[in-house]
2 protein chains.
Amino acid sequence: MSMKSKSTSELKASIHRVEEICKSNKLGLTEIRKQVFEIIVKNNIPIKAYEILDKISNINNKPSHPPTVYRAIDFLIENGFVHKLNSINSFVGCFHPNAHKECYFLICKKCNIYQECCDDSLKDRISKTAIHNNFVISNTTLEIEGHCLDCSQK
Amino acid sequence: MSMKSKSTSELKASIHRVEEICKSNKLGLTEIRKQVFEIIVKNNIPIKAYEILDKISNINNKPSHPPTVYRAIDFLIENGFVHKLNSINSFVGCFHPNAHKECYFLICKKCNIYQECCDDSLKDRISKTAIHNNFVISNTTLEIEGHCLDCSQK
DNA sequence: TAATATATGTTATGTTATAACATTGTAATG
DNA sequence: CATTACAATGTTATAACATAACATATATTA
Ligand SMILES: [Zn+2]
Ligand SMILES: [Zn+2]
Ligand SMILES: [Zn+2]
Ligand SMILES: [Zn+2]
């Protein structure tokens, strides 16, 4: 199972990708937004908003406040750079080549490691379900909780 | 789209079903648990914990407290009678014949109406994804947010 | 009855998220 | 350049969601 933490080069690439996308789309990747993104992607497990808040406060040597963090998160989610895992109120970076919003997640309840997936056939089936119900999708949450190989063997 | 509210007979049937399952499995369906279940299923849109709290307080003519409601909800979820919609912090009753835990939801962001689905091929694909990643599933959250037919036409 | 387990009551607090308004920075317009 | 408009951030306060901890009550069962 490829539930390992990201390499330094993968992190660099993902940060660089976001910078490029923002530049070409004229999105304001401000200092705080960048800091929040880096904190999220450098964490190898899903991170909570108030953990980000603590880290931001430390980095800048002054207390930050919740709205600062939540606004940055909103920006990052809107642009597909970050996903929220609703089942655990946590955030993860999107490591797929061109940031998007339709990822699925396996989340280990024991060690919190996670795996981002992007299964087209799954996406197709969900689309069909929606069409069949005359439903227009704006956002899909597919989170699979359970235990990873390591944790289920212990 | 069958996103209509439940008929009185459907409600009665779902309450009766829960009573029978509890009786045959020796689960303590206490007064409060029953009240909470009825409040949830009689609401035709997903309901929030503190809304349940208000209703319980009114029914019993005395203030209830959050733990009372959350404990009842926990019981109902554990036994597959109720689902939590993580994307909107709300609860819905399970209207499937034999209460279970693997339902999917279409949720209209505008009018809050919802549709409970149970697509086996979707379930299969999710299982395959899990197996492929050596992952043991304990719980799946699949919530599709968007707009229902009525709301997308307006 | 006494012991045990299950469920509920109660108080307090922890956690997650947003409203509202002030301030600052930046870019376009006259 | 000054003015205006807009985007982003700072700040205070509070709303919304959820649980810890411990006391009390109720039901089983030894
Ligand atoms: Zn992604
Ligand atoms: Zn694990
Ligand atoms: Zn169900
Ligand atoms: Zn609707």
Side-chain angles (χ1 to χ4, degrees), chain A residues 18 22-23 25-37 39-40 43 46-79 81-92 109 112 141 143, chain B residues 18 22-23 25-37 39-40 43 45-79 81-92 109 112 141 143 145:
Chain A
V18 166
C22 287
K23 199 184 287 178
N25 293 345
K26 297 205 197 311
L27 300 171
L29 184 61
T30 60
E31 190 54 30
I32 282 182
R33 289 168 176 176
K34 204 167 157 182
Q35 285 178 356
V36 170
F37 180 71
I39 288 168
I40 292 172
N43 211 61
I47 190 169
K48 289 176 173 288
Y50 278 73
E51 292 174 347
I52 297 171
L53 183 59
D54 286 345
K55 291 187 188 244
I56 282 284
S57 298
N58 284 330
I59 289 171
N60 299 314
N61 270 309
K62 60 171 183 180
S64 282
H65 306 284
T68 302
V69 168
Y70 281 103
R71 283 168 185 150
I73 290 171
D74 286 347
F75 168 86
L76 296 169
I77 290 176
E78 267 165 26
N79 295 295
F81 305 142
V82 158
H83 299 290
K84 174 171 186 185
L85 303 187
N86 286 309
S87 56
I88 55 172
N89 295 321
S90 299
F91 304 89
V92 296
K109 283 179 138 169
N112 286 319
T141 296
E143 295 163 23
Chain B
V18 166
C22 287
K23 198 185 286 179
N25 293 345
K26 299 206 197 308
L27 300 170
L29 183 62
T30 60
E31 191 54 28
I32 283 181
R33 289 169 176 176
K34 202 167 158 181
Q35 285 178 356
V36 170
F37 180 70
I39 288 168
I40 293 171
N43 213 59
I45 56 173
I47 189 168
K48 288 173 174 290
Y50 276 72
E51 293 174 348
I52 297 171
L53 183 58
D54 287 345
K55 290 188 189 243
I56 282 285
S57 298
N58 283 330
I59 288 172
N60 300 313
N61 270 308
K62 60 171 184 183
S64 282
H65 307 284
T68 302
V69 167
Y70 280 104
R71 284 168 184 151
I73 290 171
D74 286 347
F75 168 86
L76 296 169
I77 290 175
E78 267 164 26
N79 294 294
F81 305 143
V82 158
H83 300 290
K84 175 172 184 182
L85 304 186
N86 287 309
S87 57
I88 55 172
N89 296 320
S90 299
F91 305 89
V92 296
K109 283 178 139 169
N112 288 318
T141 296
E143 294 163 23
E145 289 179 281

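So you know, we letter chains A, B, ... as the sequences are listed, proteins then strands, and number each from 1.
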Once side chain to side chain donor-acceptor pair (under 3.5 Å) is applied, do any residues pair with T68(B), and if so which ones, sequence neighbours excluded?
none
Nearest-Å distance for atom pair CD/C1', residues E31(A) and dG10(D):
16 Å
Taking any heavy-atom pair under 4.0 Å as a contact, classify K62(A): base, sugar-phosphate, or nothing.
sugar-phosphate
Rounded to whole Å, please give me the gap between CG in L53(A) and P in dT15(C).
13 Å
Report the distance from atom CD1 of I52(A) to atom P of dT15(C), rounded to the nearest whole Å.
16 Å
With the criterion being N/O to N/O and under 3.5 Å, what pairs connect the protein with nucleotides 24-27 of chain D, and how long is each?
none

I'd like a table of atom pairs between the protein and nucleotides 4-7 of chain C - only N or O on both sides, under 3.5 Å - with the distance next to each one.
residue	atom	partner	partner atom	Å
dA7(C)	OP1	R33(B)	NH1	3.2

Are N43(A) and F91(A) close enough that some pair of their side-chain heavy atoms sits under 4.5 Å apart?
no
In this structure, how many angstroms lie between the C1' atom of dT16(C) and the CG atom of N86(A), rounded?
12 Å
If I take atom NZ from residue K62(A) and atom OG from residue S64(A), how far apart are they, to the nearest 0.5 angstrom?
6.5 Å
Would you give the length of the straight line joining atom CG of L27(A) to atom CD of E78(A), rounded to the nearest 0.5 angstrom?
10.0 Å
Does any N or O in the side chain of N79(A) come within less than 3.5 Å of the main-chain N or O of F75(A), such that one atom is a donor and the other an acceptor?
yes
Taking only side-chain N and O atoms of K48(A), does any of them lie within less than 4.0 angstrom of OP1 or OP2 on dT15(C)?
no
Approximate separation, where rounding is to 0.5 Å, of N89(B) CG and I47(B) CD1
13.5 Å
Quick one, N60(B) and E31(B) - any side-chain contact, counting heavy atoms below 4.5 Å?
no
So K84(B) and I73(B), do their side chains get closer than 4.5 Å, heavy atoms only?
no
Which value, rounded to the nearest 0.5 Å, describes the distance between Q35(B) atom CD and L29(B) atom CG?
10.5 Å
Which of these nucleotides, dG9(C), dG10(D), dC17(D), is closest to any side-chain atom of T68(B)?
dG9(C)
Using a 4.0 Å heavy-atom cut-off to protein, can you give one letter per nucleotide of nucleotides 17-24 of chain C, 5' to 3': B if the base is in contact, S if only the sugar-phosphate is, - if neither?
BBBB----
What integer distance in Å separates I47(A):CD1 from dT16(C):C1'?
15 Å
Partners of K34(B) by salt bridge (Lys or Arg N to Asp or Glu O under 4.0 Å), sequence neighbours excluded?
E19(B)
Could you state the NZ-C1' distance from K34(B) to dT8(C), rounded to the nearest angstrom?
18 Å
Find the distance between CG (L85(B)) and CD1 (I45(B)) and round it off to the nearest 0.5 Å.
11.5 Å
Min side-chain heavy-atom separation I39(A)-I59(A) under 4.5 Å:
yes
How bent is the helix from dT1(C)-dA30(D) to dG30(C)-dC1(D), measuring the angle between the end axes built from five pairs each, rounded to 10°?
20°
Heavy-atom side-chain proximity of N86(B) to E143(A) below 4.5 angstrom
no
How many Å lie between CG on L85(B) and P on dA18(D), as a whole number?
12 Å
Between NE2 on residue H65(B) and CD1 on residue I56(B), distance to nearest 0.5 Å
12.5 Å
